[in-house]
Amino acid sequence: MVVKSDSELLRLFHRFNNQLGVVLANAELLENRIVDDTHRARAGQVVTGVLEATATTQQIRQIAELGSVGQ
């Protein structure tokens with residue numbers, strides 16, 4: 001897929017963040033409902049990974065926005 005405009009890029013970031021939000025919500029539900037400590041810890045790792053991915057996505061978005069300012 002070739003991104004043709006800044007608005008298209010922003011839509012992609014928005015869609016990706018929505019997808020991460022779905023994964024995060026479900027991982028948090030699992031984390032809170034699982035009784036087994038090992039499985040709860042694994043769900044917690046998913047939560048941590050999604051939060052890190054969300055932060056990385058925001059950093060990429062900021063860099064992309066800075067790059068488009070000079071164009």
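In what follows, residues are counted from 1 in the order of the sequence shown.
Here the closest heavy-atom approach between residue Ala43 and residue Ala27 is recorded as CB-O, 4.0 Å. Between Leu9 and Ala64, the shortest heavy-atom contact is CD2-CB, 3.6 Å. Minimum interatomic distance between Leu20 and Val50 (heavy atoms only, all atoms of both residues): O-CG1, 3.4 Å.
Interatomic distance, CG of Leu12 versus CD1 of Ile60, reported as 12.0 Å (0.5 Å rounding).
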Please output the side-chain donor-acceptor pairs of residues 28-36 that fall under 3.5 Å, not counting sequence neighbours, one pair per line with the distance.
unit_1, atom_1, unit_2, atom_2, d
Asn32, ND2, Glu28, O, 3.1
Asp36, OD2, Thr38, N, 3.2
Asp36, OD2, His39, N, 2.9
Asp36, OD2, His39, ND1, 2.8

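Partners of Gln58 under the side-chain contact (heavy atoms from CB on, under 4.5 Å) rule, at least two apart in sequence or in another chain, are Asn17, Arg61.
Val23 and Val47 fall within the same hydrophobic cluster, defined by Ile, Leu, Val, Met, Phe, Trp and Tyr side-chain heavy atoms under 4.5 Å apart, directly or through other members.
Within 6.0 Å of atom CZ in Arg42, 12 or fewer heavy atoms from other residues, nucleotides or ligands are found, so the atom counts as exposed in its surroundings.
Hydrophobic cluster membership of Val22, counting Ile, Leu, Val, Met, Phe, Trp and Tyr whose side-chain heavy atoms lie under 4.5 Å apart directly or via other members: none, as it forms a cluster of its own.
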